[in-house]
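As structure tokens, the structure follows; a few thoughts come after it.
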Amino acid sequence: MKKLILKNAILNGLTLEIISKKAEIYKTAIISYNKAILHVIKDYEWKNKTHSFNKEKATREIEIWQNKNVETIICE
């Protein structure tokens with residue numbers, strides 16, 4: 001949903017300031033989502049339950065998105 005909002009902001013020709021804010025919100029949403037996955041994994045592992053989540057992928061996504069700047073996100 002956040003990606004769609006960012007895309008619409010770009011397509012509608014909003015100011016760079018607004019687009020940048022939308023990109024930052026999108027970045028935060030992706031990082032938060034992956035942190036939530038890591039939290040679920042930790043909970044499952046603590047309870048010795050099996051799961052199908054990929055811990056390495058979630059960790060990698062967090063690192064990738066934390067290092068992305070707003071300009072890169074907008075260009076993608």
Side-chain angles (χ1 to χ4, degrees):
M1 184 65 164
K2 301 290 184 192
K3 183 176 184 176
L4 182 62
I5 292 170
L6 174 60
K7 188 175 182 178
N8 284 336
I10 294 168
L11 292 175
N12 289 325
L14 298 178
T15 66
L16 185 57
E17 181 181 348
I18 292 172
I19 293 171
S20 295
K21 286 180 184 178
K22 302 288 184 193
E24 195 63 47
I25 291 168
Y26 178 57
K27 175 182 175 178
T28 302
I30 297 289
I31 293 168
S32 296
Y33 171 77
N34 283 288
K35 284 183 177 182
I37 289 174
L38 290 179
H39 180 74
V40 170
I41 291 169
K42 187 176 182 179
D43 187 52
Y44 272 88
E45 290 175 350
W46 185 77
K47 294 176 181 177
N48 291 321
K49 292 185 177 181
T50 59
H51 59 81
S52 61
F53 296 105
N54 187 329
K55 188 178 197 176
E56 291 77 23
K57 181 180 178 187
T59 303
R60 189 171 52 250
E61 286 293 314
I62 291 169
E63 291 173 9
I64 289 169
W65 281 90
Q66 284 177 335
N67 292 319
K68 280 190 182 187
N69 60 33
V70 172
E71 292 80 18
T72 302
I73 296 168
I74 292 169
C75 289
E76 291 178 345

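Fair warning: this is a prediction, and the values are worked out from it, not measured in the lab. Along the sequence shown, residues carry numbers from 1.
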Atom of [X], atom of [Y] and distance for their closest heavy-atom approach:
| X | Y | answer |
| --- | --- | --- |
| Ile73 | Lys27 | CD1-CB, 3.7 Å |
| Glu24 | Val70 | OE1-CG2, 3.2 Å |
| Tyr44 | Thr50 | CD2-O, 3.5 Å |

Pairwise distance [atom1]([X]) to [atom2]([Y]) - rounded to 0.5 angstrom:
| X | Y | atom1 | atom2 | result |
| --- | --- | --- | --- | --- |
| Glu56 | Leu38 | CD | CG | 9.5 Å |
| Leu16 | Ile74 | CG | CD1 | 5.5 Å |
| Ile41 | His51 | CD1 | NE2 | 5.0 Å |

Partner set under side chain to side chain contact (heavy atoms under 4.5 Å, CB included) for [X], not counting sequence neighbours:
| X | answer |
| --- | --- |
| His39 | none |
| Ile18 | Leu14, Thr15, Lys22 |
| Tyr33 | Ile37 |
| Glu63 | Thr59 |

* Asked: Partners of Asn54 by side chain to side chain donor-acceptor pair (under 3.5 Å), sequence neighbours excluded?
  -> none
* Note: Lys57-Glu61 ion pair, threshold 4.0 Å (strictly below) -> no
* Asked: Taking only residues at least two apart or on different chains, which pairs with a member in residues 67-76 satisfy side-chain hydrogen bond (donor to acceptor under 3.5 Å, both in side chains)?
  -> Lys68-Glu76, Asn69-Thr72
* **Beyond-backbone contact of Lys42 with Lys55, side-chain heavy atoms, under 4.5 angstrom** => no
